[in-house]
Amino acid sequence: MLTCLKGGHVVDPVAGLDGPADLWVEDGRVVEAPDGPRPDRIIDCAGLVVMAGAIDIHSHIASGHVNTARLLLPEFHKAFQARPGATKLSQIGWTAEETGLRYAEMGFTLVVEPAMAPSSALHSHLELADIPIIDKAALVVLGNDDVLLSLMRAGESPQAIEDYVAWTVGSARALGVKTINAGGSAAFKDNVRAFSIDDEVPDYGVTSRAIVKTLQAAVTGLKIPHPLHVHCNNLGIAGSADSAAATIQSAEGVPLHLAHLQFYGYGAGGKRGFSSEGQRLAELVNARPEITVDIGQVMFGPTVTISSDELRQFAGRTAGSPGKYVIMDGEANGGGVVPIDYKETSYYSALQWAIGLELFLLIKDPWRVFFTTDHPNGAPFTAYPELFALLMDRDVRARWLEMLPDAAVKATCLTELDREYTLAEIAIMTRAAPARLLGLPDRGHLSPGAVADIAVYRPGEDKAQMFASAAWLLKDGEVVVENGAVTRRRFGKALALKAETDAAMGRRMERYMQDRYGLPAHWFAVPQDALGRETPFGWVDMR
């Protein structure tokens, strides 16, 4: 079927387009304008903004921890059913079904689950498979697991560690590798309650810095497109900026991605012992081209924190609102679920909100800063339209600032920042840059050959309304959303790397799994036929 999206304002920084153009789509791809054939369908985009489908590189949408959070907070489901007075989290229904529908309605076509435990990869993929419309992917978590730490303790070769990382990525069908408070969860098992970048993991004798550098080298050596995705030490506490700064400085010219940087933007200054380090971190990021970051913006309202950083979740459990939590230990990271309510009247919540915006507005290169709320930790992803408005309209920011405590406003430089993101910068940050970071050259742009994931919006002064409701969304060339409502329910693919695994490491892992768990290694792997569809995976080449 040949489709023409006619007369829209196409914003595609990769192709250098920012003006009127026609787009042609056939067999799920963008194609050159044909010489002769008439289109089977014309979509009138006159007066509308046309972009590639949006990509979210860090959103907790499918894992055991996500399901634990659902069990812990049934009141969110009740609020969803009642609708009036529903919270932002409840408005997504908080199910796999609603996750896909709500993302699609906003013009998103690919979302990455950033914390898939190797031991529960099958569960994560089964849940990802239930999310309709959008494509999905997952990052596999390493850095607290006994195998890696034992390899490092024994002084084994970089090649052996690369073989182990490749085996894990292949078995879990992951798109990349993440480390979460590297060594911190392993240390927590020995009753350690504070852990920083140069602290050693008991029994293993390796530091957090060494774990990050070892995994960074393995990811680079394997030519995995996405740099090592790092959740630093000391998340969410006063002084956490020092941990982020040390991690940035440790990159040493090799690509490294820091997750949810806002949660590390905290100093210990001021009479409350909690201050903004947004300017300092932004300057560090600006000075280090090998560093990319996503923000993890806080927005106001009730939500829940979901993290495999069990050490930090345990430390923060008593601050939960409502006052209940789950902390779990297990192979590698374990994790924790702690509900939270970010309140406009709270100095601390308001400062967190402001620090995220400071980072967005002070980091100069939109190719290296990514649009996230660390869903649901900073806010549910359904808050994205409001965040777009805050970035694109300084008057909107000013109105929000008027509602916040004066002490929090004075503790930041936000009132001095008049930058407004352009549509082209939004297209870079939410389309072109994520595709490049993930190693997906046929996404994030609208040149011929690109996957026909296309979002069309109605422009207007109200940027929140614009990005809340796509006029049209095409997924693989098929119309799935019209006027902000899903019109066709379909399923996308799970994107995974084509990881070549070493046979000797496979045999070694077979012995390890049998000795440790009494189970064969394939029990932990994700088989092709587990998802019940002929082509559930989209394979991505390593560089």
Measuring from His9:NE2 to Cys45:SG, what's the distance to the nearest 0.5 Å? 12.5 Å

Does Asp40 reach the side chain of Thr3, with side-chain heavy atoms less than 4.5 Å apart? no

State, yes or no, whether a side-chain contact exists between Trp24 and Leu5 at a heavy-atom distance under 4.5 Å. no

Between CD of Glu420 and CG of Leu390, what distance do you get to the nearest 0.5 Å? 11.5 Å

Rounded to the nearest 0.5 Å, what separation is found between the CG atom of Leu139 and the CD atom of Glu113? 8.0 Å

Pair Thr372, His58: side-chain N/O donor-acceptor within cut-off below 3.5 Å: no

dist Ser349:OG -> Lys343:NZ (nearest 0.5 Å) comes out at 8.5 Å

List the residues meeting side chain to side chain donor-acceptor pair (under 3.5 Å) with His65, not counting sequence neighbours, and say none if there are none. Ser308

Neighbour count above 12 (heavy atom, 6.0 Å) for Glu344 CD: yes

Looking only at side-chain N and O atoms, does Tyr103 offer a donor or acceptor that is under 3.5 Å from a partner on Thr109? no

Sub-3.5 Å donor-acceptor pair from the side chain of Glu482 to the main-chain atoms of Trp472, do we have one? no

Would the distance check show the side chain of Thr303 and the main-chain N or O of Asn377 forming a donor-acceptor pair, the cut-off being under 3.5 Å? no

Quick one: does any side-chain atom of Thr422 pair with a main-chain N or O of Glu425 as donor and acceptor, under 3.5 Å? yes

Where the side chain of Ser171 meets the backbone of Ala525, is there a donor-acceptor pair that is under 3.5 Å apart? no

Under the side chain to side chain contact (heavy atoms under 4.5 Å, CB included) test against Ile180, which residue among Asp309, Leu311, Leu235 passes? Asp309

Quick check: closest heavy atoms across Ala15 and Ser447, and the distance to 0.1 Å? CB-OG, 3.5 Å

When rounded to the nearest 0.5 Å, the distance separating CD of Gln352 from OH of Tyr342 is 5.5 Å

Asp294 and His260 side chains, donor-acceptor separation under 3.5 Å: no

Is any side-chain heavy atom of His257 less than 4.5 Å from a side-chain heavy atom of Val230? no

Under a 4.5 Å cut-off applied to non-hydrogen side-chain atoms, are Leu423 and Asp18 in contact? no

Sub-3.5 Å donor-acceptor pair from the side chain of Thr501 to the main-chain atoms of Trp167, do we have one? no

For Phe263, ring-ring contact (aromatic ring centres under 6.0 Å, His included) partners two or more places apart: none

If we ignore hydrogens and angles and just use 3.5 Å, is the side chain of Lys324 paired with the main-chain N or O of Leu72 as donor and acceptor? yes

Answer yes or no: is there a donor N or O on one side and an acceptor on the other, between the side chain of Arg317 and the main chain of Tyr325, under 3.5 Å? no

Quick one: list whatever passes side chain to side chain donor-acceptor pair (under 3.5 Å) with Tyr264, sequence neighbours left out. none

For the pair His123 (side chain) and Ser119 (backbone), establish whether a donor and an acceptor sit closer than 3.5 Å, ignoring hydrogens and angles. no

Smallest heavy-atom separation, Arg431 atom then Ala455 atom, equals NH2-CB, 3.9 Å

Please list all pairs meeting salt bridge (Lys or Arg N to Asp or Glu O under 4.0 Å) that have one or both residues in residues 440-450, counting only residues at least two apart or in different chains. Arg29-Asp442, Asp135-Arg443, Arg443-Asp453

Correct closest heavy-atom pair for Leu128 and Ala138 would be CD1-CB, 4.3 Å

If only atom types and distance count, is the side chain of Lys463 paired as donor or acceptor with the main-chain N or O of Met392 below 3.5 Å? no

Do you know which two heavy atoms are closest between Met466 and Tyr457, and how far apart they sit? O-CD2, 3.2 Å

Worked check of side chain to side chain contact (heavy atoms under 4.5 Å, CB included) between Arg419 and Tyr421: CA-CA 7 Å; Arg419 178 183 177 185; Tyr421 270 71; 3.6 Å; yes

Per the side chain to side chain contact (heavy atoms under 4.5 Å, CB included) rule, which among Leu497, Leu438, Ile224 passes with Val540? Leu497

Min side-chain heavy-atom separation Leu359-Val369 under 4.5 Å: no

Quick check on salt bridge (Lys or Arg N to Asp or Glu O under 4.0 Å): which of Arg488, Lys493, Arg490 does Asp476 satisfy it with? Arg490

Here the pair of heavy atoms bringing Val481 nearest to Ala470 is CG1-O, 3.8 Å

With sequence neighbours excluded, tell me which residues meet side chain to side chain contact (heavy atoms under 4.5 Å, CB included) with Ser321. Asp341

Can Gln313 and Thr305 be counted as having a side-chain donor-acceptor contact under 3.5 angstrom? yes

Is it the case that Arg102 places NZ or CZ above or below the six-membered ring of Phe381, under 6.0 angstrom from the centre and within 45 degrees of the axis? no

Kindly indicate whether the side chain of Val165, heavy atoms from C-beta on, has any atom under 4.5 Å from the side chain of Val177. yes

CE of Met106 to OH of Tyr384: how many Å apart, nearest 0.5 Å? 7.0 Å

Pair Asp56, His375: side-chain N/O donor-acceptor within cut-off below 3.5 Å: no

Apply side chain to side chain contact (heavy atoms under 4.5 Å, CB included) to Leu258 and Cys232, showing your working. CA-CA 7 Å; Leu258 269 63; Cys232 303; 3.9 Å; yes

Within residues 64-74 or reaching into it, pairs that qualify as salt bridge (Lys or Arg N to Asp or Glu O under 4.0 Å) - sequence neighbours excluded: Arg70-Glu127

May I ask you to test the Gln297-Phe371 pair for a side-chain heavy-atom distance under 4.5 Å? no

Salt bridge check, Lys6 against Asp44: does any charged N sit closer than 4.0 Å to a carboxylate O? no

How close do Pro114 and Ser59 get, counting heavy atoms only, and between which atoms? CD-O, 3.3 Å

Checking Asp12 side chain against Leu446 main chain: does a donor-acceptor pair fall under 3.5 Å? yes

4.5 Å side-chain heavy-atom contact, Val304 and Leu73: yes

Count the heavy atoms of every other residue, nucleotide or ligand shown that sit under 6.0 Å from CH2 of Trp539, and state whether that count exceeds 12. yes

Assess Arg312 against Phe314: is NZ or CZ under 6.0 Å from the centre of the six-membered ring, and within 45 degrees of the ring's axis? no

